[in-house]
Amino acid sequence: MSAVNQHPYFPQSLDLSGYTPPTQSPLVLVAVMGGALGAVLVGTYVAFTRRRVRGWALSRSDRLAAMWFVLCAVLHCLYELYYLLHFRTLAATRDILASTWKEYAKSDSRYLAQVPLVLMLESITVAVTGPLCLVAAYGIWTQSLGIRHIAQLCASVLHLYSVVVYFGTEMMAAESNCRPEALYYYGYFMAMNAPWVVVPVVLATQSFGAISRGMRISKVD
């Protein structure tokens, strides 16, 4: 590996000129991200638990769905927006957000290599999926079932599509973009993205059923 390619990412031939390692340890970076996302989840749970619509509290399933959509909206509209704004200089940047992206990139170096596919998926996520998550959360907050389930179904389908393309293109790549250690492949790449497969399937099924029931009732009327 030449001096210009001295970095911890795979493939080792990847040219990341100007790369500077994070000043924070991986444990600190994971703790910062976990703490921030945990605060979002707790704050959302408290707000939606206190919420009353026509005197009724929101159901447990609605509160869980709201936590999911607010979490996704924060990630998509803030954290991933940061990536789109800074992807050209990310490898050389040392602020805390850039460092968390560098840590995750050990499981998928495409985020530092400026791969067009990743940039396109992130652009769709920031511009379309994130706002849809906000709309879905608003629909739960106001108990506007039509708004909630249309946004929920669309956001869930987009999540599933993005994850299938994301996983599929990595699995078909000639060279792996993930470090060989189990932590990065199973811990970062697989486990951190798995919720965007499981939860959207559940929510899409729920919304499909709700929309179908609504259409049947409208036909009867």
Side-chain angles (χ1 to χ4, degrees), residues 33-34 36-45 47-49 51 58-84 100-101 104 107-108 110-111 115 117-172 177-178 185-215:
M33 281 298 296
L37 297 181
V40 170
L41 290 173
V42 171
T44 302
Y45 180 82
F48 279 78
T49 297
R51 173 68 171 166
L58 302 184
S59 68
R60 181 172 178 270
S61 63
D62 280 355
R63 281 176 279 155
L64 290 174
M67 291 168 68
W68 168 256
F69 284 119
V70 172
L71 176 69
C72 288
V74 169
L75 285 171
H76 299 337
C77 297
L78 298 178
Y79 187 60
E80 289 168 86
L81 176 61
Y82 171 91
Y83 172 77
L84 287 180
T100 58
W101 278 110
Y104 177 75
S107 72
D108 188 354
R110 292 179 294 179
Y111 278 93
V115 174
L117 172 72
V118 170
L119 294 175
M120 180 54 67
L121 287 176
E122 289 293 346
S123 297
I124 295 171
T125 298
V126 170
V128 181
T129 313
L132 280 172
C133 290
L134 284 174
V135 173
Y138 170 80
I140 296 171
W141 180 263
T142 60
Q143 288 295 282
S144 303
L145 296 184
I147 292 174
R148 181 256 179 98
H149 285 296
I150 291 174
Q152 178 170 302
L153 180 60
C154 292
S156 298
V157 170
L158 281 172
H159 277 144
L160 286 169
Y161 171 79
S162 297
V163 171
V164 168
V165 173
Y166 179 67
F167 278 151
T169 51
E170 169 60 19
M171 291 175 181
M172 292 188 294
N177 295 288
C178 180
Y185 185 76
Y186 294 105
Y188 285 18
F189 185 71
M190 298 296 292
M192 285 187 178
N193 290 290
W196 279 267
V197 176
V198 177
V199 178
V201 168
V202 174
L203 293 177
T205 301
Q206 180 191 54
S207 290
F208 182 81
I211 292 170
S212 297
R213 288 192 297 273
M215 293 179 69

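Every heavy atom of this structure was used, including side-chain atoms; hydrogens, water molecules and symmetry mates were not.
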Trace of the side chain to side chain contact (heavy atoms under 4.5 Å, CB included) decision for Arg51 with Trp141 | CA-CA 7 Å; Arg51 173 68 171 166; Trp141 180 263; 3.4 Å; yes
For Trp196 and Cys72, run side chain to side chain contact (heavy atoms under 4.5 Å, CB included): C-alpha distance rounded to whole Å, both residues' side-chain angles, the deciding distance at 0.1 Å, then the answer.
-> CA-CA 9 Å; Trp196 279 267; Cys72 288; 3.5 Å; yes
Derivation and outcome, side chain to side chain contact (heavy atoms under 4.5 Å, CB included), residues Trp101 and Tyr82 | CA-CA 10 Å; Trp101 278 110; Tyr82 171 91; 4.0 Å; yes
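From Thr169, atom OG1 reaches atom CG of Leu121 across 7.0 Å, with rounding to the nearest 0.5 Å. From Leu119, atom CG reaches atom OH of Tyr111 across 9.5 Å, with rounding to the nearest 0.5 Å. Put simply, OH on Tyr166 and CG on Asp108 are 3.5 Å apart, with the number rounded to the nearest 0.5 Å. Between Leu145 atom CG and Ile150 atom CD1 the span is 11.0 Å, to the nearest 0.5 Å. Atom-to-atom distance recorded for Ser61:OG and Leu203:CG is 9.5 Å, nearest 0.5 angstrom. The CE atom of Met33 lies 11.0 Å from the OH atom of Tyr104; values are rounded to the nearest 0.5 Å.
A pairwise comparison of heavy atoms in Thr129 and Ala155 identifies CG2-O, 4.1 Å as the closest pair. Considering every non-hydrogen atom in both Cys154 and Leu132, the closest pair reads CB-CD1, 3.8 Å. Nearest heavy atoms, Glu80 versus Thr125: OE1-CG2, 3.6 Å. The two residues Leu134 and Ala73 have their closest heavy-atom pair at CD2-CB, 3.5 Å.
Counting heavy-atom neighbours within 6.0 Å of Phe167 CZ, excluding the residue itself, gives a total above 12. In this structure, Tyr45 places its OH atom where only 12 or fewer heavy-atom neighbours from other residues, nucleotides or ligands lie under 6.0 Å away. The 12-atom threshold is exceeded at CE of Met192, counting heavy atoms of other residues, nucleotides or ligands nearer than 6.0 Å.
Proximity of Leu75 to Leu37: side-chain heavy atoms (C-beta onward) are separated by under 4.5 Å at one or more points. Trp68 is listed as a side-chain neighbour of Pro200, based on a closest heavy-atom distance under 4.5 Å. Val40 has its side chain within reach of Val70: a pair of non-hydrogen atoms, C-beta onward, lies under 4.5 Å apart.
The main-chain N or O of Leu153 is never found under 3.5 Å from a side-chain atom of Ser156 such that the two would form a donor-acceptor pair. In this structure a side-chain-to-backbone donor-acceptor pair under 3.5 Å is present from Glu170 to Asn177. In this structure, Arg110 contributes its side chain and Val115 its backbone to no donor-acceptor pair below 3.5 Å.
Just one of Leu64, Val74, Leu71 meets the side chain to side chain contact (heavy atoms under 4.5 Å, CB included) condition when paired with Leu41; it is Leu71. Partner of Tyr83 under the side chain to side chain contact (heavy atoms under 4.5 Å, CB included) criterion, chosen from Thr100, Val126, Val118: Val118.
Side-chain contact check for Gln152 and Ser207: at least one donor-acceptor pair (N or O, by modelled atom type) lies under 3.5 Å.
For residues 117-140, there are no ring pair (Phe, Tyr, Trp, His ring centres under 6.0 Å) pairs, not counting sequence neighbours. Residue pairs meeting the salt bridge (charged side-chain N to carboxylate O under 4.0 Å, His left out) criterion with at least one partner in residues 147-159, sequence neighbours excluded, are Asp62-Arg148.
Between His159 and His76, the angle of the ring planes lies from 30° to 60°, which puts this pair in the tilted group.
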